[in-house]
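Below you'll find the structure, written out as structure tokens, and then a few comments.
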Amino acid sequence: MKKLYAVIGAIVFFTTISAFSKIIVNPDFDNGPVTFSITAIELTDSATRVNTDIYSKLGWWIRPQSNTILKGRITGNSYKLMNIEGLNIDEKYFLGDSAYVSSVYVFEPVNPIDSIIDFIEPDGWEVTGVKLHETVRKPFKTHIHGTLEGNPASSWFILSEALADHRVNKSLIIPVRNGKFAYDLYTDSPLVYKLCIGSEYLDGSWRNISFSSADSDVSIQIPKDFNENAVISGGAATNAIKEYENKRRAYLKLNLKETPIGRLYEDMEKTGKGLTPEAYNLKKLKEEGNLTKSQKDSLSKEVSRLYSEDKIYSEEGKRVKKEYYELSDKVNSQFFHEELSKPSPAHLYQMLQLVTFGYPYPEKIFDIFIENYRDTLTEHPYHKTLSLMYEAGDPAPGKKYTDFSAPDLEGNIVKISDRIGGKVAIIDLWASWCGSCRRHSKEFIPFYEKYHDKGFEIIGVAREKSSTEAMVKAIKRDGYPWLNLVELDDVNSIWKKYHTGNGGGKIVMVDKDGTILAVNPSAEEVEKILIEKFGKVE
């Protein structure tokens with residue numbers, strides 16, 4: 001009896017000092033970075049323990065910041081960082097051969113009311129909308145598993161929807177340990193997903209490995225050689241993607257690459273026979289390699305100059321290139337019409353991929369879509385997105401711009417037409433992470449200052465991930481004097497409505513009646529239009 005009383009007493013004592021403990025494994029979240037993963041969260045009365053895997057490149061370093069907090073979505077409370085197990089706060093940690101480190105961030109205990117939190121490291125990692133409760137499993141489950149050969153520093157995959165952009169949309173991290181990986185993906189719809197190797201992504205050149213979440217089991221074997229294709233074994237949906245890609249390669253080979261003009265073009269590109277002497281010499285310099293950074297920069301400037309002056313190809317080279325591209329357009333158009341007109345989810349995906357990633361004749365794809373898919377597969381997410389893009393129309397001079405609403409930085413919803421109606425205006429779609437967008441936007445500041453009082457308006461919309469922090473800093477640094485709205489995590493599908501794909505942005509200049517005057521105009525073109533509309537202002 002004494003032993004029984006002792007056991008009962010121990011249980012009572014333990015539950016007294018730790019009245020509450022809860023662990024959430026792989027918590028769901030809204031959005032986050034591609035190098036930082038929350039693997040588990042332990043909630044107790046005394047602390048909130050956030051288990052993490054942090055990834056980077058071999059030899060790079062990380063430095064966790066002491067001002068990192070958890071932010072409660074319900075109460076608005078900030079929970080301070082008390083300690084990090086496995087890392088020293090505010091000190092550099094150099095990653096070893098595996099290019100990742102596991103650590104535990106220990107925060108103050110979270111109020112039970114805050115069932116959703118944000119993990120915020122200023123100027124660093126941010127994971128938004130972390131759910132502190134078990135989530136309902138989505139209906140489609142795909143077990144992904146396989147091997148990654150010969151690269152110990154490739155310790156993680158980035159997993160996302162195939163048509164999504166890592167810079168904005170949600171992605172998941174799949175760990176790779178000893179060259180092997182396994183993951184259960186749960187989705188709402190049978191969509192196409194892609195894997196890319198994290199270290200390759202950080203290098204700026206990566207392989208996209210596609211599969212369908214309509215299949216219950218997908219095996220992926222990835223060779224070490226970057227130029228070799230992964231071996232993917234899935235079900236009918238994944239096989240349909242591979243079958244389409246194989247058909248297109250075979251069709252292009254037979255009807256384009258193996259034709260006389262195709263062989264001539266390939267030989268010209270390989271040997272440089274169709275280049276001007278200046279361009280040929282630059283090609284040779286590049287192929288010799290061993291150039292310093294300044295020499296590479298100088299080489300790039302020279303190539304850009306030759307392109308701007310139309311001095312890359314000789315007259316014979318221009319003729320061959322023109323004939324080859326004309327045949328390429330014809331062959332692609334024939335293949336798309338023959339293949340995509342057969343309704344299937346795989347073909348919906350291929351059509352959306354084409355119009356998203358800049359196929360130069362999107363109207364031909366939309367013609368196939370309207371003719372063959374009006375009454376079939378209408379509930380599929382790809383069908384809905386294609387319908388949205390078709391109804392909005394590709395912005396072009398002479399057409400009306402597409403109206404939309406988005407929040408400003410105070411959270412107020414603003415309708416574009418309420419701000420630019422009756423005015424000559426620029427709709428500036430940009431992003432804090434898009435350097436070329438920002439440089440172009442800054443060129444418009446003098447025009448805004450000169451012509452704003454005469455009826456010229458600019459309204460910016462920034463495409464951001466997770467938060468507006470980077471956007472606010474960009475506005476302050478660049479000095480935009482006009483109103484800027486935010487498209488956070490693509491929630492309003494504005495980039496789709498404007499057929500901007502995964503790019504950073506697009507400039508659309510409109511007239512007083514809403515007619516588009518120009519798309520992606522240069523600063524000189526904008527100034528010319530403003531002078532035509534308002535006269536020259538000194």
Side-chain angles (χ1 to χ4, degrees), residues 138-142 160-165 169 185-194 210-216 218 234-252 255 329-396 398-405 490-502 516:
K138 296 174 181 178
F140 291 90
K141 176 186 175 181
T142 304
S160 62
E161 287 188 31
L163 300 177
D165 189 332
N169 304 125
L185 172 65
Y186 292 88
T187 63
D188 287 318
S189 303
L191 302 176
V192 179
Y193 279 75
K194 65 184 176 185
S210 300
F211 65 92
S212 175
S213 65
D215 297 332
S216 60
V218 176
T238 296
N239 290 337
I241 299 170
K242 292 195 295 182
E243 182 183 358
Y244 173 87
E245 292 169 349
N246 290 336
K247 278 185 178 180
R248 187 178 179 196
R249 277 194 290 268
Y251 195 91
L252 289 176
N255 296 286
D329 288 342
K330 181 180 178 181
V331 170
N332 274 300
S333 182
Q334 288 173 341
F335 176 79
F336 295 146
H337 190 270
E338 291 174 13
E339 190 67 21
L340 298 179
S341 59
K342 308 165 189 173
S344 74
H347 290 161
L348 275 176
Y349 164 70
Q350 300 296 345
M351 285 190 287
L352 186 54
Q353 185 179 50
L354 286 165
V355 298
T356 297
F357 293 113
Y359 178 59
Y361 309 105
E363 66 281 356
K364 294 183 179 180
I365 304 302
F366 283 115
D367 286 345
I368 296 171
F369 173 65
I370 293 302
E371 182 178 349
N372 298 281
Y373 291 80
R374 186 180 298 275
D375 300 315
T376 185
L377 299 170
T378 55
E379 293 304 309
H380 197 286
Y382 293 150
H383 191 291
K384 293 179 179 180
T385 301
L386 282 163
S387 296
L388 173 73
M389 296 177 71
Y390 175 74
E391 290 169 8
D394 191 9
K399 296 182 178 179
K400 298 290 185 180
Y401 77 92
T402 298
D403 201 3
F404 60 87
S405 297
D490 281 342
V491 68
N492 294 304
S493 300
I494 295 170
W495 262 242
K496 287 186 175 69
K497 292 175 183 175
Y498 273 73
H499 293 228
T500 311
N502 283 346
I516 296 174

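Of the inter-residue distances, the one linking L252 atom CG with N255 atom CG reads 8.0 Å to the nearest 0.5 angstrom. Taking CG from N372 and CG from L377, the interatomic distance works out to 11.0 Å, rounded to the nearest 0.5 Å. Distance check: D394 CG to T500 OG1 gives 8.5 Å after rounding to the nearest 0.5 Å. Within the model, atoms OG1 of T385 and OH of Y349 stand 13.0 Å from one another, a figure rounded to the nearest 0.5 Å. Once rounded to the nearest 0.5 Å, the distance linking OH of Y373 with CD1 of I368 reads 8.5 Å. Atom CG in L163 sits 5.0 Å away from atom CG in L352 (nearest 0.5 Å).
Closest approach of S213 and S189 over heavy atoms only: OG-O, 3.2 Å. Of all the heavy atoms in E161 and K194, the pair that sits closest is O-CE, 3.5 Å. Between S341 and P343, the closest heavy-atom pair is O-CD, 3.1 Å.
Within the 3.5 Å criterion, the main-chain N or O of L185 finds no donor-acceptor partner in the side chain of K138. Of the possible polar contacts, one joining the H347 side chain to the K342 backbone as a donor-acceptor pair under 3.5 Å is found. Proximity of a side-chain donor or acceptor of S387 to a complementary backbone N or O of H383 within less than 3.5 Å is detected. H499 contributes a side-chain N or O that, together with a main-chain N or O of M389, makes up a donor-acceptor pair within less than 3.5 Å. Between the side chain of Y498 and the backbone N or O of T402, at least one donor-acceptor pair lies under 3.5 Å. For the pair T238 (side chain) and S212 (backbone), a donor-acceptor distance under 3.5 Å is present. For D215 (side chain) and G234 (main-chain N/O), no donor-acceptor pair under 3.5 Å exists by modelled atom type.
Sparse packing is recorded around NZ of K330, with 12 or fewer heavy atoms of other residues, nucleotides or ligands lying under 6.0 Å away. By the neighbour-count criterion of 12 heavy atoms within 6.0 Å, atom NE2 of H337 is sparsely surrounded, having that number or fewer from other residues, nucleotides or ligands. Atom CG of N246 sits in a crowded spot, with more than 12 heavy atoms from other residues, nucleotides or ligands closer than 6.0 Å.
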Would you please test Y193 and T187 for side-chain contact (heavy atoms from CB on, under 4.5 Å) and show each step? CA-CA 10 Å; Y193 279 75; T187 63; 3.2 Å; yes
Run the side-chain contact (heavy atoms from CB on, under 4.5 Å) test on N169 and S160 for me, step by step, so that the C-alpha distance in whole Å, both residues' side-chain angles and the decisive distance to 0.1 Å come before the verdict. CA-CA 8 Å; N169 304 125; S160 62; over 6 Å; no
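When side chains are defined from C-beta on, L191 counts as touching H380, because their heavy atoms get closer than 4.5 Å. Inter-residue side-chain proximity for T142 and S216 is flagged as unmet; no heavy-atom pair is nearer than 4.5 Å. L354 has its side chain within reach of L340: a pair of non-hydrogen atoms, C-beta onward, lies under 4.5 Å apart. Side chains of M351 and F336 form no contact here, defined as non-hydrogen atoms less than 4.5 Å apart. The closest side-chain heavy-atom distance from Q350 to I241 is below 4.5 Å. Side-chain contact between N239 and K242: present, with at least one pair of heavy atoms (C-beta onward) separated by less than 4.5 Å. In this structure, N332 and Y251 have side chains that are not in contact, with every pair of non-hydrogen atoms separated by 4.5 Å or more. V355 is not listed as a side-chain neighbour of Y390, based on a closest heavy-atom distance of 4.5 Å or more.
Using a cutoff of 4.0 Å between basic side-chain nitrogens and carboxylate oxygens, E379 and K384 are scored as salt-bridged.
Residues satisfying the ring pair (Phe, Tyr, Trp, His ring centres under 6.0 Å) criterion with Y361, sequence neighbours excluded, are Y359.
Ring pair Y244/F335 is tilted by interplanar angle, where 30° to 60° counts as tilted.
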